[in-house]
Each structure stands twice: as C-alpha cells, then as structure tokens.
Amino acid sequence: MNSIIKKLIHTCAFISLLMLANVQFAAAQDVKRYFYQGTVDNRTVRFYLKQLPNNCGGSDTYQAMYQYGKGKNWIELMNQTDDKGIFCFTEIRFTGVLILKKSTKGMQGVWISPDTKRQLKVNLTLQKLTQKDIEELEDRLEVTHYENFDC
C-alpha cells in the first residue's frame, strides 16, 4: 500500500511538472519581439519592442527601449497604446516622449521634448531578429530595467 501511494505521488508530481512546462512553453510562444532601425531627426536609432500577453486578460503589455547609434546606453520606455497601433512612449526620467504609429513595415511618428519646444520626426523600419539578437536584446533590456529601478 505504501509503495502505491508513493507511485501515485510521483506520478502526480511528474504530471504537474509537465503541465507547468507546457504552460511556460505556451506563454513563451505568445511573446512577440520587434526590432526597428531608423532615425530621430536624422540621428540613427535602434528600437526594441517586446509584446507580452496579459495573463489577466485584456490588452497585451509592452516593454521597450531604444538607443542612439550603436552605443552602450539604452533608454527604457514606459508606454501606453490603443487598439489602433498608436503608442505613447515616455522615456524614463521624462527626458522625452515618442508618439508612434505601428504598421507592418515599421513605426512612424514624432519625438517631443518635455517642454514641447522640440518636435523631431521619427521613422523606424522593422528588422529581422536572429536568436542571438534576441538574447542580446533581452539581456540589455533586463540590465537597463535593473539600472533604472534598483533600490
């Protein structure tokens, strides 16, 4: 009797592990990543956008960052979006705002300074991502977020 109970416990634990792995795999499949290159007022930029399913239902959530040129410093973006593909990205520390319209080929819009005196044209083109690109961008997103929000 004791060995039957142990087998049942092991079987239940194994099934639970499989179910958890399946849920995590399904959730990972729902994540969409977009990488854009383009310009803000003729300055070269790289832009990373990560779309995550909302586990509580409702609209997806997004994480984003961008950088000028190919430097090491990325600017993390807080964001809001509507159901028409229009995003409002606010730079951490409120150094600027990007209002962009997403299309299948890229994103276009404007960068606005906090005092609204400077408004610069933004044009981003969607790029293909390799697995290596994804790993590097995900690492950079994690480091950038940690740098901005670590106590």
Side-chain angles (χ1 to χ4, degrees), residues 11-116 118-151:
T11 302
C12 288
F14 181 72
I15 291 171
S16 296
L17 264 167
L18 285 176
M19 290 174 64
L20 179 62
N22 193 32
V23 167
Q24 289 176 341
F25 178 75
Q29 294 298 327
D30 292 339
V31 173
K32 296 176 184 167
R33 294 171 176 89
Y34 305 93
F35 181 67
Y36 302 90
Q37 291 187 14
T39 57
V40 173
D41 193 38
N42 298 320
R43 286 183 66 193
T44 303
V45 294
R46 300 177 341 134
F47 190 101
Y48 181 58
L49 179 65
K50 181 177 177 180
Q51 181 178 351
L52 302 146
N54 186 335
N55 294 331
C56 298
S59 300
D60 290 348
T61 60
Y62 294 85
Q63 295 175 321
M65 64 181 181
Y66 81 110
Q67 75 175 172
Y68 287 92
K70 290 191 177 185
K72 293 183 180 180
N73 296 325
W74 286 83
I75 301 167
E76 188 172 6
L77 302 166
M78 305 302 286
N79 65 82
Q80 293 290 318
T81 187
D82 65 10
D83 59 356
K84 296 175 184 152
I86 298 174
F87 289 83
C88 178
F89 295 101
T90 305
E91 296 174 358
I92 296 295
R93 300 188 197 0
F94 192 52
T95 53
V97 174
L98 293 146
I99 299 175
L100 303 175
K101 169 90 170 130
K102 185 175 180 228
S103 69
T104 56
K105 295 182 181 183
M107 297 178 96
Q108 292 75 38
V110 63
W111 177 91
I112 305 169
S113 65
D115 64 5
T116 70
R118 290 183 63 207
Q119 296 188 14
L120 309 174
K121 183 178 177 182
V122 178
N123 190 19
L124 304 172
T125 304
L126 184 62
Q127 307 293 308
K128 292 189 180 200
L129 281 170
T130 66
Q131 186 60 38
K132 182 181 176 192
D133 293 334
I134 291 170
E135 290 169 9
E136 289 174 4
L137 289 164
E138 284 295 315
D139 287 345
R140 190 64 240 173
L141 182 61
E142 184 177 336
V143 168
T144 301
H145 185 74
Y146 178 81
E147 289 169 349
N148 288 320
F149 292 101
D150 182 42
C151 298

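Since we're looking at a predicted model, the values are computed, not measured.
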J.: Counting only heavy atoms not in K121 (residues, nucleotides, ligands), do more than 12 fall under 6.0 Å from its NZ?
T.: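 Atom NZ in K121 is not packed in, count stays at 12 or less.
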J.: Within a strict 4.5 Å, meaning less than it, do heavy atoms of the Q108 and N123 side chains meet?
T.: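 Yes, their side chains come closer than 4.5 Å.
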J.: List in chain and number order the residues that pass salt bridge (Lys or Arg N to Asp or Glu O under 4.0 Å) with E135, two or more places apart in sequence or in another chain; answer none if no residue qualifies.
T.: none
J.: So which heavy atom on R140 is nearest to which on K72, and how close?
T.: CZ-O, 3.9 Å
J.: Within the side chain of N54, is there an N or O that forms a donor-acceptor pair under 3.5 Å with the backbone of T61?
T.: no
J.: Backbone N or O of Y62 within a donor-acceptor pair of the N79 side chain at under 3.5 Å?
T.: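 At least one qualifying donor-acceptor pair exists.
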J.: Is the count of non-hydrogen atoms from other residues, nucleotides or ligands lying under 6.0 Å from N73 atom CG greater than 12?
T.: no
J.: Could you go through residues 90-100 and list every donor-acceptor pair under 3.5 Å that involves a side-chain atom there, pairing it with any protein atom two or more places apart or in another chain?
T.:
unit_1	atom_1	unit_2	atom_2	d
E91	OE1	T95	OG1	2.3
E91	OE1	G96	N	3.1
E91	OE2	Y66	OH	2.3
E91	OE2	W111	NE1	2.9
R93	NH2	N148	OD1	3.4

J.: Surrounding CZ of F149 (heavy atoms of other residues, nucleotides or ligands, distance under 6.0 Å), is the total greater than 12?
T.: yes
J.: For D30 versus P53, what's the shortest heavy-atom pair and its separation?
T.: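 It is CB-CG, 3.6 Å.
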J.: About how many Å separate CD of Q131 and CD of E136, when rounded to the nearest 0.5 Å?
T.: 11.0 Å
J.: Nearest 0.5 angstrom please: I134 CD1 to D139 CG, how far?
T.: 12.0 Å
J.: Within this structure, what is the CD-CE distance for the pair E76 and M78, rounded to the nearest 0.5 Å?
T.: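 E76 CD to M78 CE: 7.0 Å, rounded to 0.5 Å.
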J.: For residues 35-46, which residue pairs qualify under side chain to side chain donor-acceptor pair (under 3.5 Å), counting only residues two or more places apart or in two chains?
T.: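 Every pair satisfying side chain to side chain donor-acceptor pair (under 3.5 Å) with a residue in residues 35-46: R46-Q67.
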J.: Let me see the working for W74 and V143 under side chain to side chain contact (heavy atoms under 4.5 Å, CB included), right down to the final yes or no.
T.: CA-CA 10 Å; W74 286 83; V143 168; over 6 Å; no
J.: Taking side chain as C-beta onward, heavy atoms only, is E138 less than 4.5 Å from Y48?
T.: yes
J.: Can you list the steps and then say if T144 with L141 is a side chain to side chain contact (heavy atoms under 4.5 Å, CB included)?
T.: CA-CA 5 Å; T144 301; L141 182 61; 5.5 Å; no
J.: Other residues, nucleotides and ligands only: do more than 12 of their heavy atoms fall within 6.0 Å of CD on Q127?
T.: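 More than 12 within 6.0 Å, yes.
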J.: Atom OG of S59 and atom CD of Q51: how far apart are they, to the nearest 0.5 Å?
T.: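 Answer for the OG-CD pair, S59 versus Q51, is 10.0 Å.
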J.: Return the minimal non-hydrogen interatomic distance between D115 and S113, and the atom names on each side.
T.: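 Nearest heavy atoms, D115 then S113: OD1-OG, 2.6 Å.
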J.: Side chain to side chain contact (heavy atoms under 4.5 Å, CB included) between R33 and L137: does it pass, once the steps are laid out?
T.: CA-CA 10 Å; R33 294 171 176 89; L137 289 164; over 6 Å; no
J.: Can you list the steps and then say if M107 with Y34 is a side chain to side chain contact (heavy atoms under 4.5 Å, CB included)?
T.: CA-CA 11 Å; M107 297 178 96; Y34 305 93; over 6 Å; no
J.: Please tell me if the side chains of I75 and Y68 come closer than 4.5 Å, counting only heavy atoms from C-beta onward.
T.: yes
J.: In terms of ring plane angle, is the pair F89 and F87 parallel, tilted or perpendicular, where the classes change at 30° and 60°?
T.: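 Rings of F89 and F87: parallel, under 30°.
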J.: Please check if the side chain of K32 supplies one atom and the backbone of L49 the other of a donor-acceptor pair under 3.5 Å.
T.: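 Not a single qualifying donor-acceptor pair exists.
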